[in-house]
Amino acid sequence: ALAVLGLIYLVSPGLHAPDPWGALLMAVAGLAWGLYSLSGRRAIDPLEATARNFVYAVPLVLLVSLAGWLVAPDAVLVTSRGAMLAIASGALASGCGYVVWYAVLPSLPAMRAATVQLSVPALAALGGVLLLSEELTWRLVLDTVATLGGVGLVLAQRAKRSKR
């Protein structure tokens with residue numbers, strides 16, 4: 001509960017309700033990540049499985065990009081530098097993270113894997129502070145302590161139970 005409350009506080013920009021369309025898209029993304037993780041538990045070769053998933057995603061990315069261009073052609077600007085940064089971020093950085101996730105998933109019980117996933121937004125926010133010089137605020141500190149503390153408590157309790 002502490003981890004979930006920390007996560008909610010981290011992603012809530014203020015006291016107003018989130019945009020319903022944005023909230024729906026986030027829920028769909030969360031569901032998709034859960035399904036992606038469940039399929040990863042059966043992956044024999046994490047690198048091959050991740051590469052295959054990226055290949056499967058290309059048509060959808062192209063379709064969504066085309067739709068965005070058709071809706072707002074003036075809003076779409078592709079530069080060679082932007083494309084290279086997108087490839088570095090998406091294919092290389094994310095791809096490596098997905099391979100590691102698929103490699104460790106079979107050794108994690110489903111509940112432990114789900115608990116560990118709660119730490120990702122807090123760790124990403126800390127990465128923004130360390131790598132991108134984003135502002136370290138008290139709000140971020142409290143969010144991170146609550147989220148990572150809650151995750152740590154759950155993992156510690158599960159470790160105690162498994163030793164018994």
Side-chain angles (χ1 to χ4, degrees), residues 3-4 6-14 16 18-108 113-148 151:
V4 171
L7 179 63
I8 290 169
Y9 187 59
L10 175 66
V11 299
S12 64
H16 62 278
D19 168 51
W21 182 243
L24 175 65
L25 290 175
M26 286 300 293
V28 170
L31 178 63
W33 181 256
L35 294 172
Y36 182 82
S37 293
L38 287 174
S39 74
R41 297 180 69 74
R42 296 184 307 269
I44 295 168
D45 180 351
L47 181 60
E48 188 270 331
T50 301
R52 187 179 59 246
N53 290 336
F54 271 63
V55 169
Y56 290 156
V58 168
L60 182 59
V61 168
L62 293 175
L63 184 65
V64 169
S65 298
L66 177 62
W69 179 76
L70 290 172
V71 170
D74 294 337
V76 177
L77 174 65
V78 178
T79 64
S80 58
R81 183 171 190 266
M84 293 305 292
L85 289 171
I87 291 169
S89 171
L92 300 177
S94 295
C96 289
Y98 296 157
V99 169
V100 170
W101 182 239
Y102 266 24
V104 300
L105 261 176
S107 64
L108 293 174
T115 302
V116 168
Q117 280 300 302
L118 289 173
S119 67
V120 172
L123 294 174
L126 287 176
V129 170
L130 296 173
L131 301 173
L132 303 174
S133 301
E134 292 196 15
E135 183 181 358
L136 179 62
T137 63
W138 279 110
R139 177 186 175 119
L140 179 59
V141 171
L142 292 173
D143 298 336
T144 302
V145 168
T147 302
L148 297 181
V151 168

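- The distance from atom CH2 of W69 to atom CG of D74, rounded to the nearest 0.5 Å, is 10.5 Å.
- Of the inter-residue distances, the one linking D45 atom CG with R52 atom CZ reads 9.0 Å to the nearest 0.5 angstrom.
- For residues 88-107, the pairs satisfying side chain to side chain donor-acceptor pair (under 3.5 Å) are S37-W101, S39-Y102, N53-Y102, with sequence neighbours left out.
- The closest side-chain heavy-atom distance from V76 to V78 is below 4.5 Å.
- Evaluation of the salt bridge (charged side-chain N to carboxylate O under 4.0 Å, His left out) rule for R41 yields no partner, not counting sequence neighbours.
- Under the 4.5 Å side-chain criterion, counting only non-hydrogen atoms from C-beta, V58 is in contact with L62.
- In plain terms, the two heavy atoms of L140 and A125 that are nearest each other are CD1-CB, 3.4 Å.
- Of all non-hydrogen atoms in P46 and V99, the two that sit nearest each other are CB-O, 3.5 Å.
- Between I44 atom CD1 and E48 atom CD the span is 9.0 Å, to the nearest 0.5 Å.
- The two atoms that bring A88 and L92 nearest to each other are O-CB, 3.2 Å, heavy atoms only.
- The environment of CG in L70 is crowded: more than 12 heavy-atom neighbours from other residues, nucleotides or ligands sit within 6.0 Å.
- Of all non-hydrogen atoms in L126 and T144, the two that sit nearest each other are CD1-CG2, 3.4 Å.
- Taking every heavy atom of both residues into account, V151 and S119 meet most closely at CG2-N, 4.2 Å.
- Applying the salt bridge (charged side-chain N to carboxylate O under 4.0 Å, His left out) criterion to E134, with sequence neighbours excluded, gives no partner residue.
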Does the pair L148 and L123 meet the rule for a side-chain contact (heavy atoms from CB on, under 4.5 Å), with working shown?
CA-CA 9 Å; L148 297 181; L123 294 174; 4.1 Å; yes
